[in-house]
Amino acid sequence: MDSSKPDKEKTRVYHPYQDLNVPIQKLYNLPTAPEHLFPEEAARAHRSWGENLQYYTGCGYLSGAMFGAAKGTVQGLKAAEPGDSLKLRINRILNSGGQTGRRFGNSLGVLGLIFAGLESGVIHLRGKDDLLNSVVAGLGTGALYRGAAGPRSAAIAGAIGGIAAATAVAGKQALKRYVPI
């Protein structure tokens with residue numbers, strides 16, 4: 001080979017699609033906006049009540065299950081006794097993590113279910129989708145969830161739910177404004 005040639009001339013780029021008449025460069029130019037099958041879906045500004053229900057319930061259950069499993073695993077590690085075999089310790093950790101994970105997951109899943117139902121109801125009643133709907137749904141969720149424990153407990157839980165929803169909405173707005181995604 002001639003060593004006087006530059007490195008670029010010694011090699012060539014492998015292009016597996018060169019013999020196909022396909023505009024392969026356009027293949028990976030994906031749209032950034034959501035695509036909708038029907039124009040009615042594109043005109044809608046928010047998720048439907050069913051999508052809301054699945055989203056909030058699923059996110060609540062998953063996050064509760066993960067947090068509960070972590071907490072249960074720590075409890076299982078602390079509950080280990082000095083004379084336990086490795087098999088018994090692992091069994092204790094798995095049982096504790098699974099039990100606590102299920103309990104937390106179910107609790108947060110129910111909170112998500114109530115929140116989604118109330119938020120969709122408030123959107124339907126008010127006829128518009130804004131930040132106030134989430135705060136009202138948070139208030140109602142807390143009050144309904146702890147309503148069986150008495151009016152004082154329901155009022156406190158409602159206030160906590162409203163504050164949590166307002167904080168989440170404010171955080172989401174701040175994130176949209178100050179973090180370029």
Side-chain angles (χ1 to χ4, degrees), residues 13 17 22-77 93 96-147 153-181:
V13 177
Y17 306 110
V22 178
I24 203 67
Q25 289 79 14
K26 294 182 182 180
L27 181 65
Y28 297 109
N29 292 336
L30 300 176
T32 56
E35 296 179 2
H36 298 282
L37 187 59
F38 301 109
E40 304 89 50
E41 291 175 350
R44 221 175 45 222
H46 57 46
R47 292 189 292 256
S48 70
W49 70 272
E51 292 166 342
N52 241 2
L53 192 72
Q54 289 178 357
Y55 177 75
Y56 287 124
T57 305
C59 286
Y61 182 82
L62 184 63
S63 60
M66 289 189 316
F67 177 74
K71 183 179 180 190
T73 300
V74 170
Q75 289 174 345
L77 286 169
I93 291 168
S96 179
Q99 182 181 11
T100 309
R102 270 192 317 273
R103 192 171 65 240
F104 278 41
N106 287 336
S107 296
L108 285 181
V110 166
L111 283 173
L113 181 76
I114 295 170
F115 181 82
L118 287 177
E119 187 181 43
S120 296
V122 172
I123 290 171
H124 180 70
L125 287 175
R126 292 187 65 224
K128 58 183 172 179
D129 187 16
D130 58 2
L131 308 176
L132 184 63
N133 298 335
S134 296
V135 175
V136 171
L139 283 165
T141 299
L144 278 175
Y145 189 72
R146 297 294 296 172
S153 180
I156 292 171
I160 291 171
I163 290 169
T167 304
V169 166
K172 182 180 177 184
Q173 294 301 317
L175 193 67
K176 280 183 178 178
R177 183 172 183 174
Y178 296 113
V179 178
I181 295 178

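- Closest of all the heavy-atom pairs between T141 and F115 is OG1-CA, 3.2 Å.
- Between the OG atom in S120 and the CG atom in D129 there is a gap of 9.0 Å [rounded to 0.5 Å].
- The nearest pair of heavy atoms linking A157 to G142 is CB-O, 3.2 Å.
- Proximity of a side-chain donor or acceptor of N133 to a complementary backbone N or O of K128 within less than 3.5 Å is detected.
- Between T57 and G109, the closest heavy-atom pair is CG2-O, 3.7 Å.
- Minimum interatomic distance between A116 and Y56 (heavy atoms only, all atoms of both residues): CB-CD1, 3.8 Å.
- In this structure, L118 CG and L113 CG are separated by 9.5 Å, a value rounded to the nearest 0.5 Å.
- Side-chain contact between L132 and R126 is present, with heavy atoms from C-beta onward closer than 4.5 Å.
- What you find for Y61 and G105 is that their closest heavy atoms are CD1-O, 3.1 Å.
- Going from atom OG of S134 over to atom CG of L139 covers 11.0 Å, rounded to the nearest 0.5 Å.
- A side-chain donor-acceptor contact under 3.5 Å links S96 to the backbone of G72.
- Considering only residues two or more places apart in sequence or on other chains, R102 meets the side chain to side chain donor-acceptor pair (under 3.5 Å) condition with none of them.
- Contact check for N106 versus V110: no side-chain heavy atoms found under the 4.5 Å cut-off.
- By the 4.5 Å heavy-atom criterion applied to side chains, W49 and H124 are not counted as neighbours.
- When all heavy atoms of A165 and G138 are compared, the closest pair comes out as CB-CA, 4.0 Å.
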